[in-house]
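Report on the following structure.
Residue numbers start from 1 in every chain, and the chains themselves are labelled A, B, ... in the order their sequence lines are given, proteins ahead of strands. Source: prediction; values computed, not measured. Computed from heavy atoms alone, side chains included, the values below leave out hydrogens, waters and symmetry copies.
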Amino acid sequence: MPELPDVEVYRRYFDAKALNRRIDAVHVEAPDLLSDTSPQGLGRLAHGHAFETTRRHGKYLFAGLDSGTWILMHFGMTGHLDYVEDPGDAPPHSQCLFSFGDSGALAYVATRKLGKIGTPSSPEAFVRAEDLGPDALTLDLDGFRDIAAGRRGQVKSWLMDQRSLAGIGNVYSDEILFQAGIHPRRPVGDLSGDDLARLHRSLRSVLERAIEAGADPQSMPEGFLLPEREEGGTCPRCGAQVASVSAAGRTAWFCPTCQPEHNGSG
DNA sequence: AGGACGCCCTGTTCGC
DNA sequence: TGCGAACAGGGCGTCC
């Protein structure tokens, strides 16, 4: 789930459900997820205040309180947000629950507890402290070329490196490489200027269109590889069977025909 | 520097 | 039917 498009959809959901409502109670079910505070500390920070703004950087969501402090959410592999009218109806694995004074509650749900919740002094300070790269959606072609320069590894690893550019994970790196017709294990240094330009265009369009689709795998645009990322899946462009290789410690899915490992000129 | 692992968790699926 | 292994869309630390 939670790569850049998913987290952007969560952010909008957060805005729609949780802004400008007085927080009455904070319940933390999994204190281990709090990276820099305690359940009591989080409660003190939020109690009596309201969220007034949100931001996103890569896969991180930041919620700003009217007191000027911030709460950070990262969703790991299985996290999401769920608003319920009755706090008693919070779904299983609700690790953190913000209850509002008027009614309702926002649940941070994470089955596998691989995410984290923190209280950075600001989004900018957090990005700096974690050494995150620029948000993938804000990067123009020149910036993209800059971060590619000198890079030696495989293109998929590079796209997924949060310190290089923030927001792309396993699924969307596959999609971006597919749309650009580039094999996931191609060395970044071997990519031509045209390859890089194509990759950058794919990056933007894939992320933007995925957000438009609500980051819902069932609703992806025609021609997306995403729903075919499994054994027996077929390429939406040429119909060939998709293949998988291990890259960057994850399973990369791609079309062997549309994404040849070696470019023809070599 | 980059890559291959193992690990953090829990739930689901698949093979025997 | 039951059970263990493998695996799942993230990220960190360690070793080579």
Report summary line: Answer for the Watson-Crick or wobble partner of C/dT14, both distances under 3.5 Å, is B/dA4
Query - Nucleotide forming a Watson-Crick or wobble pair with C/dG9, both distances under 3.5 Å - result: none
Ignoring hydrogens and angles, answer whether the base of [N] and the side-chain atoms of [X] contain a donor-acceptor pair closer than 3.5 Å.
X      : N      : result
A/D6   : C/dG9  : yes
A/R250 : C/dG10 : yes
A/R151 : B/dA1  : no

Query - A/R229/A/D174 ion pair, N-O < 4.0 Å - result: yes
Report task. Answer yes when A/R11 and A/E8 have at least one side-chain N-carboxylate O distance shorter than 4.0 Å, and no when they do not. Result -> yes
Report summary line: Whole-Å distance, A/F126 CZ to C/dG11 P, equals 10 Å
Query - Distance in angstrom units between A/R185 CZ and B/dG3 P, rounded - result: 9 Å
Across the strands shown, which category fits [X] at heavy-atom distances under 4.0 angstrom: base, sugar-phosphate, nothing?
X      : value
A/G169 : sugar-phosphate
A/E130 : sugar-phosphate
A/S246 : nothing

Among [options], the nucleotide that comes nearest once only the side chain of [X] is considered:
X      : options               : value
A/H93  : B/dG11, C/dA8, C/dG11 : B/dG11
A/H74  : B/dG3, C/dG10, B/dT10 : C/dG10
A/Q162 : C/dC12, C/dG9, C/dG11 : C/dG11
A/T111 : B/dC8, B/dA4, B/dT10  : B/dT10

Query raised in the report: Does C/dA8 have OP1 or OP2 sitting under 4.0 Å from an N or O in the side chain of A/R229?
Result: no
Requested in this report: Look at A/T78 and C/dG10 and indicate whether a side-chain polar atom (N or O) is within less than 4.0 Å of OP1 or OP2.
Outcome: no
Can you find a side-chain donor-acceptor pair between [X] and [Y] that sits under 3.5 Å?
X     : Y      : value
A/E29 : A/H27  : yes
A/S35 : A/K116 : no
A/D66 : A/H49  : yes

Report summary line: Comparing nearest nucleotides in DNA chain C, the 5'-proximal residue of the pair A/R112, A/K116 is A/R112
Report summary line: Assign each of A/R152 and A/D32 the nucleotide of DNA chain B bearing its closest heavy atom; nearer the 5' end lies the nucleotide of A/R152
